[in-house]
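Below you'll find the structure, written out as structure tokens, and then a few comments.
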Number of protein chains: 2
Amino acid sequence: MIKRSKQKEVILRVLRSTTSHPTVTWIYDEVRKEIPRISLGTVYRNLKLLRERGEISELNLNSAPSRFEARTDIHYHFICEKCRRVFDVDEPPDKRLKGEVDQKTGFQISSYQIEFRGVCRECRETMDKAESGEK
Amino acid sequence: MIKRSKQKEVILRVLRSTTSHPTVTWIYDEVRKEIPRISLGTVYRNLKLLRERGEISELNLNSAPSRFEARTDIHYHFICEKCRRVFDVDEPPDKRLKGEVDQKTGFQISSYQIEFRGVCRECRETMDKAESGEK
DNA sequence: CTACTTGCAAAATATTTGCGTTATT
DNA sequence: AATAACGCAAATATTTTGCAAGTAG
């Protein structure tokens with residue numbers, strides 16, 4: 001049975017307070033403002049529990065540390081390969097997709113993720129400027 | 001400038017020889033059969049180069065080690081949460097999706113990935129058996 | 001009480017990097 | 001020659017885990 005704890009509550013509250021898809025370390029630093037003696041291991045353990053309970057989502061994007069978010073509904077993500085920021089994409093996902101893949105493969109699908117990669121507008125502008133200036 | 005090397009060639013050939021989405025360690029072990037003194041660092045470095053050149057794809061699925069594959073066309077993946085195997089899903093991806101997200105966000109999208117998670121048929125059967133036997 | 005949770009520290013994984021040497025162009 | 005790539009080993013992350021003590025149910 002899962003027992004409640006101050007740590008769990010604060011971790012969840014911190015994650016719900018942002019839309020920035022933070023890393024474990026960022027969450028750890030935020031939570032420490034309230035619980036200075038919390039350990040990184042506890043953060044990992046609770047994020048894992050919360051993910052298993054379906055209360056949060058974990059994103060594994062290219063290049064190491066996992067990102068987390070409080071949203072658990074299916075939506076797209078965009079990862080900027082320059083600045084590494086992660087954006088939610090406001091485009092309704094295809095409702096039929098899961099069912100079709102379900103049927104075609106015989107797999108029991110519990111969730112899915114769609115991730116776009118590229119360069120965000122801001123970084124593109126910076127790059128354009130740099131290019132015209134340098135040559 | 002990128003120079004060719006025996007190592008690069010063998011790594012690429014090994015990856016092209018399988019559809020199993022191997023980890024770096026698996027690739028390393030395979031390549032060592034031909035080049036026993038190759039170092040793990042070289043495998044990492046070359047996989048990174050090949051990915052940057054767009055010759056291979058890197059998949060970052062939940063739970064640590066990256067997986068690689070020689071395919072670079074857009075297709076879906078299914079990850080079994082029990083046995084951790086990765087399957088290609090034979091379902092044509094939505095052609096309009098990239099364009100729509102492109103337009104809506106103003107991002108310059110270079111690629112995207114769709115990953116389904118769940119339990120594969122084989123593991124489901126194993127679980128069903130275990131359950132009926134244990135109670 | 002019992003069993004889940006915590007903090008701490010150590011271990012286990014995974015990936016990157018510095019450096020002197022070797023190979024490609 | 002110049003520079004990219006290599007092997008090796010050490011350094012960095014990143015994540016997990018064992019354990020003794022604390023806390024919720």
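In what follows, every chain begins at residue 1, and chains take the letters A, B, ... in the order their sequences are listed. What you are looking at is a predicted structure, and each value in this text was computed from that prediction instead of being measured.
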### Message
On DNA chain C, does the nearest nucleotide to B:Thr42 precede the nearest nucleotide to B:Lys3 from the 5' side, or the other way round? Give the residue.
### Response
B:Thr42
### Message
Just N and O in the side chain of A:Gln7: are any of them under 4.0 Å from OP1 or OP2 of D:dT23?
### Response
no
### Message
How many whole angstroms separate atom CD1 of A:Ile2 from atom P of C:dT6?
### Response
11 Å
#### Entry: Spacing between A:Leu47 atom CG and D:dT16 atom P, to the nearest angstrom
10 Å
#### Entry: Residue B:Leu49, side-chain atoms from C-beta onward, closest of D:dA5, C:dT6, D:dG7
D:dA5
### Message
Rounded to whole Å, please give me the gap between CD in A:Glu52 and P in C:dT5.
### Response
11 Å
### Task
Go through D:dT15, C:dT5, D:dG7 for me and flag the one nearest to the A:Val24 side chain.
D:dT15
### Query
In terms of the nearest nucleotide of DNA chain D, which residue is placed more toward the 5' end: A:Thr25 or B:Lys6?
B:Lys6
### Task
Would you check if the distance from the ring center of A:Tyr44 to the ring center of A:Tyr28 is below 6.0 Å?
no
### Task
In whole angstrom, give the distance that lies between atom CG of B:Leu40 and atom P of D:dA10.
15 Å
### Query
CD of B:Glu9 versus P of D:dC6: gap in Å, rounded?
11 Å
### Query
B:Asn46 has an atom CG; how far is it from atom C1' of C:dT15, in whole Å?
15 Å
### Message
Tell me whether B:Arg117 is salt-bridged to B:Glu115, with the criterion being a basic N under 4.0 Å from an acidic carboxylate O.
### Response
yes
### Message
Please determine whether any donor N or O and acceptor N or O are separated by less than 3.5 Å between the side chain of B:Lys8 and the base of D:dA5.
### Response
no
### Query
Any N or O donor-acceptor pair linking the side chain of B:Lys48 to the base of C:dT16 at under 3.5 Å?
no
### SB check A:Lys104 B:Asp90 (cutoff 4.0 Å)
no
### Message
Less than 4.0 angstrom from a charged side-chain N to a carboxylate O is my criterion; do B:Glu55 and B:Arg53 meet it?
### Response
yes
### Task
Starting from C1' on C:dA23, measure out to CD1 on B:Ile38 and report it in whole angstrom.
14 Å
### Query
OP1 or OP2 of C:dT6 sitting under 4.0 Å from any side-chain N/O of A:Ser5?
yes
### Query
Within the structure, does a side-chain N or O atom of B:Tyr44 lie under 4.0 Å from either OP1 or OP2 of C:dT15?
yes
### Query
Hey, are A:Arg85 and A:Glu122 close enough for a salt bridge, meaning a charged N less than 4.0 Å from a carboxylate O?
yes
## Note on the structure
A:Tyr28 OH to C:dT6 C1', in whole Å, measures 13 Å
### From D:dC6, C:dT25, D:dT15, nucleotide with atom closest to B:Arg4 side chain
C:dT25
#### Entry: Closest listed nucleotide, where the reference is the side chain of A:Arg45 and the choices are C:dA3, D:dG18, C:dT24
D:dG18
